[in-house]
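Working notes, beginning with the structure itself.
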Number of protein chains: 2
Amino acid sequence: MSTPERLIEATRELLWERGYVGTSPKAIQQQAGAGQGSMYHHFAGKPDLALAAIRRTAEEMRATAEGVLGGPGSPYERVEAYLRRERDVLRGCPIGRLTMDPDVVASEELRAPVDETLDWLRERLAGIVEEGQERGEFAPSLDGEEIAATIVATVQGGYVLARASGSTAAFDAGVRGLLSLLAVNSPARTDA
Amino acid sequence: MSTPERLIEATRELLWERGYVGTSPKAIQQQAGAGQGSMYHHFAGKPDLALAAIRRTAEEMRATAEGVLGGPGSPYERVEAYLRRERDVLRGCPIGRLTMDPDVVASEELRAPVDETLDWLRERLAGIVEEGQERGEFAPSLDGEEIAATIVATVQGGYVLARASGSTAAFDAGVRGLLSLLAVNSPARTDA
DNA sequence: GTCTATACACCGATAGAC
DNA sequence: GTCTATCGGTGTATAGAC
């Protein structure tokens, strides 16, 4: 792997683990096995490198989500697959966690990929919910965009609960709770 | 206000705004209008001061929540009042945000008040949901603890969505979505 | 491209005078 | 209780040799 590549990967790891404020150039260099001069040769500085790292993580997250949401199954099944997909729950969301970073939120550039990713996810889910409504899988009274926001928020908040307790149980409970609410709204479903 | 008092309040503000990693003793002293020696006279160091600040914020959050959850109204109405209560959405949750702080999560002592507060909130909500089930306000098939986790997660995740977009709209959408799901699941309610 | 050297402020804390 | 002085280490670079 090339040096710029290693630097970006190291930054992705550290941003996930410690956030932007908690990640130093020095730590990045050590994790990447690159020298000081090397890092500043390839990137303008910490924000520049962080931007590259965040963009890549955002793309990856989107691709992972699309892999499930664009997969087979009914709308409800795809939402369920998304909610139940394997996650490193205790590590949290590498994109969502950045919203708690004051320096990221303060920077138009750094916040943009975070915003776009979560926004894309909500719209993608909203479309699926609406599709489900047409098929009679979800109550027609529901608002697709609102339910989509609830779904994404439940996942993001689930990470918070899990990390607070040091256990994945609360995340799983929140997801099951949401699925049970969605299921009862499915006129077509009887296993609720 | 006494000096220790001012130091605690300053720390609370900074922890909320910038997190534990992003908050330095120097910044605390400036915000509190206290000198270096003064801070270290009253507190053993940054972790000690942070612990005092976190405990107070946790107590306050619990009291605020209880004010709504222990108020008048049916279980559904109290849950709704909790979800719709006024919040400084773009600032996020002063307790929940700490779960994204690696140094807080790594410390048993600092994490404890965070965990206890969110845990208390979930149990409080679970009881209310179960009460609502007895009254026929929520479907009996639902699990109180799971729904409680979903409610808290929706709020915590709502902050993430709001901060990502720089707008409270996504938070509100998530809350409305959850309320609509809860309402549709109320056998006794017809306004869904 | 990568290395070492240098810079200057800040971090988190301690020491000791007042 | 509060102040100033001091400390070793880190944060975030820049400079310039190789």
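All of these numbers come straight from a predicted model, not from anything done at the bench. Below, chain A is the first sequence line, B the second, and so on; all start at residue 1.
- Look at OH on A:Y40: it is 17 Å from P on C:dA7, rounded to the nearest Å.
- Note on B:G35: only backbone sugar-phosphate atoms sit closer than 4.0 angstrom, heavy atoms only; bases stay farther off.
- Taking atom CG of residue A:L49 and atom P of nucleotide D:dA13, one finds them 10 Å apart after rounding to whole Å.
- Side-chain N/O atoms of B:H42 include one lying less than 4.0 angstrom from OP1 or OP2 on D:dT2.
- Between B:K26 and the phosphate of C:dC10, there is a side-chain N or O to OP1/OP2 separation shorter than 4.0 Å.
- For C:dT2, the OP1/OP2 oxygens have a side-chain nitrogen or oxygen of A:T3 closer than 4.0 Å.
- Remark: P of C:dG16 and NE2 of B:H41 are 17 Å apart, rounded to the nearest angstrom.
- Between B:M39 atom CE and C:dC11 atom P the separation is 11 Å, expressed in whole Å.
- With hydrogens and angles disregarded, no donor-acceptor distance shorter than 3.5 Å links the side chain of A:R122 to the backbone of A:A149.
- Rounded to an integer number of Å, the gap from CG of B:L7 to P of D:dG1 is 13 Å.
- Test B:R135, B:E131, B:E80, B:E137 against B:S74 for side chain to side chain donor-acceptor pair (under 3.5 Å) and you get one pass: B:E137.
- Note on A:T23: only backbone sugar-phosphate atoms sit closer than 4.0 angstrom, heavy atoms only; bases stay farther off.
- Residues B:T23 and B:R18 bring no donor and acceptor atom of their side chains to less than 3.5 Å of each other.
- Rounded to a whole Å, the CG atom of B:D48 is 14 Å from the C1' atom of C:dG12.
- The nucleotide whose nearest atom lies closest to any side-chain atom of B:S38 is, among D:dT12, D:dT2, C:dT2, D:dT2.
- Not one N or O on the side chain of B:R12 forms a donor-acceptor pair closer than 3.5 Å with the backbone of B:A53.
- Atoms CZ (B:R18) and P (C:dC10) sit 13 Å apart, rounded to a whole Å.
- Per the geometry, CD belonging to A:Q36 stands 14 Å off P belonging to C:dT2, to the nearest Å.
- The environment of A:E145 atom CD is sparse: at most 12 non-hydrogen atoms of other residues, nucleotides or ligands sit within 6.0 angstrom.
- For A:S24 and D:dT12, the shortest distance from a side-chain N or O to OP1 or OP2 is not below 4.0 Å.
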